[in-house]
Amino acid sequence: MTKLTILTIAMTTVFSATAFATSEPIEIIPAAVITNPEKVELGKMLFFEPRLSKSGFISCNSCHNLSLGGVDALPTSIGHNWQQGPINSPTVLNAEYGLAQFWDGRAKDLKEQAGGPIANPKEMGFSHELAVDTIRSMPAYQARFAQVYQNDGITIEEITDAIAEFEKTLVTPNAPFDKFLLGDKNAIDADAKAGYQLFKDKGCVSCHNGPAVGGTMYMKMGLVKPFHTNNPAEGRKGVTGKEADKFVFKVPTLRNIELTYPYFHDGSVWELAEAVNTMADIQLGQALTETETKQMVSFLNSLTGEQPQIVLPILPPSTAETPRPVPFAD
């Protein structure tokens, strides 16, 4: 076999794999490309910074734990003074691919989202002014902000911008399913392949598509049959005020879904198989067999990618000017 023939075969294989990947409703997740490492490192420090909360105990990582798939593995999160949060904490992994942030889409991007919990009395319980005062009180932070933003001031916009820049790096590439899309037919097993075909045939891809396998649209929870829950969240209605938007939520990503239990906006379902059957029932009006459920779960498990490898930042010490934590106050 000539070198030219070998090269032709190799090129044909690559082109075929590329054509297959681009024709599918699910796209691969590429690895993060970091163009501003200093800003990303600053954002990482702030992501793990508990002093951005009134208690001095809660950080972004508290509800979006990077050791747990970017969630807290609770039905609803625990906020300041042990308050029960109103809704399940969505994963921060691959969140950049969402059309908006939060279940109801009230934040247009990661930067706007990052400021919400800080000033929410049921979450971090602080204020933007005190958050800025806290960060500004530490010389090490002052130096880092001056280096990154080329000025001597520190603002909430810069704090949230840095957090967002770090969060953009929290992607999970090289999932078995991504390798399958790129041409490695042995990257997933027969059950996962059958599950993916079911996922397409049943209509799941109408909402769960794109790189994040979701996050690109809003949809009513309980499209065909009502979804029964005690959770008071009304979805987009709380943003738009429109009755038609009641129980309409951002479609969640299915990337790393085996890690991000419990499921749904109310965190009411712990088992992925049950979540699959519930969605088939209330969204599609269909019933899956035991074999189909097993195959669907196998496919969903193949969406688990490489988790971000995080070296914990060393945070600067507080100073006499740093606001003191108030962990047990209302």
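Owing to the predicted nature of the structure, the values given are computational and were not obtained by experimental measurement.
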Do any N or O atoms from the side chain of [X] and from the backbone of [Y] form a donor-acceptor pair under 3.5 angstrom?
{"X": "Ser53", "Y": "Phe57", "result": "yes"}
{"X": "Gln283", "Y": "Lys220", "result": "yes"}
{"X": "Gln84", "Y": "Trp82", "result": "no"}
{"X": "Arg144", "Y": "Gln142", "result": "no"}
{"X": "Asn88", "Y": "Thr76", "result": "no"}
{"X": "Ser89", "Y": "Cys63", "result": "yes"}
{"X": "Ser298", "Y": "Lys294", "result": "no"}
{"X": "Asn209", "Y": "Val205", "result": "yes"}
{"X": "His208", "Y": "Leu254", "result": "no"}

I need the [X] [atom1] to [Y] [atom2] distance, nearest 0.5 Å.
{"X": "Glu38", "Y": "Asn36", "atom1": "CD", "atom2": "CG", "value": "5.5 Å"}
{"X": "Asn120", "Y": "His80", "atom1": "CG", "atom2": "NE2", "value": "11.5 Å"}
{"X": "Asn174", "Y": "Ile29", "atom1": "CG", "atom2": "CD1", "value": "11.0 Å"}

Do [X] and [Y] sit in one hydrophobic cluster, given that two such residues count as connected whenever their side-chain heavy atoms are within less than 4.5 Å of each other, even indirectly?
{"X": "Ile282", "Y": "Phe247", "result": "yes"}
{"X": "Leu66", "Y": "Leu74", "result": "no"}
{"X": "Val269", "Y": "Val276", "result": "yes"}

Worksheet item: When you look at Tyr218 and Phe249, which way does the ring pair (Phe, Tyr, Trp, His ring centres under 6.0 Å) test go after all the steps?
Response: CA-CA 5 Å; Tyr218 299 105; Phe249 296 93; 9.6 Å; no

Discussion item. Assess whether a salt bridge exists between Asp133 and Arg136, defined as any Lys/Arg side-chain N lying under 4.0 Å from an Asp/Glu carboxylate O.
Written reply: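 The answer is yes: the pair qualifies as a salt bridge.
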
Worksheet item: Ion pair present between Lys237 and Glu243, side-chain N to carboxylate O less than 4.0 angstrom?
Response: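 Salt bridge flag = yes for Glu243 with Lys237.
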
When you check the side-chain N and O atoms of [X] and [Y], is any donor under 3.5 Å from an acceptor?
{"X": "Tyr263", "Y": "Glu271", "value": "no"}
{"X": "Thr91", "Y": "Asn256", "value": "no"}
{"X": "Arg51", "Y": "Thr322", "value": "no"}

Practice prompt. Dump the intermediate steps for side-chain hydrogen bond (donor to acceptor under 3.5 Å, both in side chains) on Ser55 and Asn81, then the final yes or no.
Written response: CA-CA 8 Å; Ser55 65; Asn81 205 15; over 6 Å; no

Restricting to non-hydrogen atoms, name the atom on [X] and the atom on [Y] that form the minimum distance, rounded to 0.1 Å.
{"X": "Tyr97", "Y": "Pro30", "answer": "OH-CD, 3.2 Å"}
{"X": "Phe299", "Y": "Ile26", "answer": "CZ-CD1, 3.7 Å"}
{"X": "Ile78", "Y": "Ile58", "answer": "O-CD1, 4.4 Å"}
{"X": "Phe48", "Y": "Leu315", "answer": "O-CD1, 3.7 Å"}
{"X": "Gly69", "Y": "Gln307", "answer": "CA-OE1, 3.9 Å"}
{"X": "Leu46", "Y": "Ile159", "answer": "CD1-O, 3.8 Å"}

Discussion item. Show, in sequence, the C-alpha distance, side-chain angles and deciding distance for Asp161 and Tyr149, and conclude whether the side-chain hydrogen bond (donor to acceptor under 3.5 Å, both in side chains) test is met.
Written reply: CA-CA 10 Å; Asp161 178 66; Tyr149 292 100; 2.8 Å; yes

Practice prompt. Decide whether a cation-pi geometry holds between Lys193 and Phe180; the criteria are a distance under 6.0 Å from NZ or CZ to the six-membered ring centre and an angle within 45° of the ring axis.
Written response: no

Discussion item. Which residue is it: Phe227, Trp270, Trp103? I am looking for the one with a ring pair (Phe, Tyr, Trp, His ring centres under 6.0 Å) to Phe264.
Written reply: Phe227

Item to complete: Using the ring-ring contact (aromatic ring centres under 6.0 Å, His included) rule, collect all pairs that involve residues 306-330, keeping only residues at least two apart or in two chains.
Response: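 Non-adjacent pairs meeting ring-ring contact (aromatic ring centres under 6.0 Å, His included): zero.
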
Item to complete: Only pairs at least two apart or in different chains count here, so list each side-chain hydrogen bond (donor to acceptor under 3.5 Å, both in side chains) that has a residue in residues 105-116.
Response: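 Qualifying pairs: Asp104-Arg106.
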
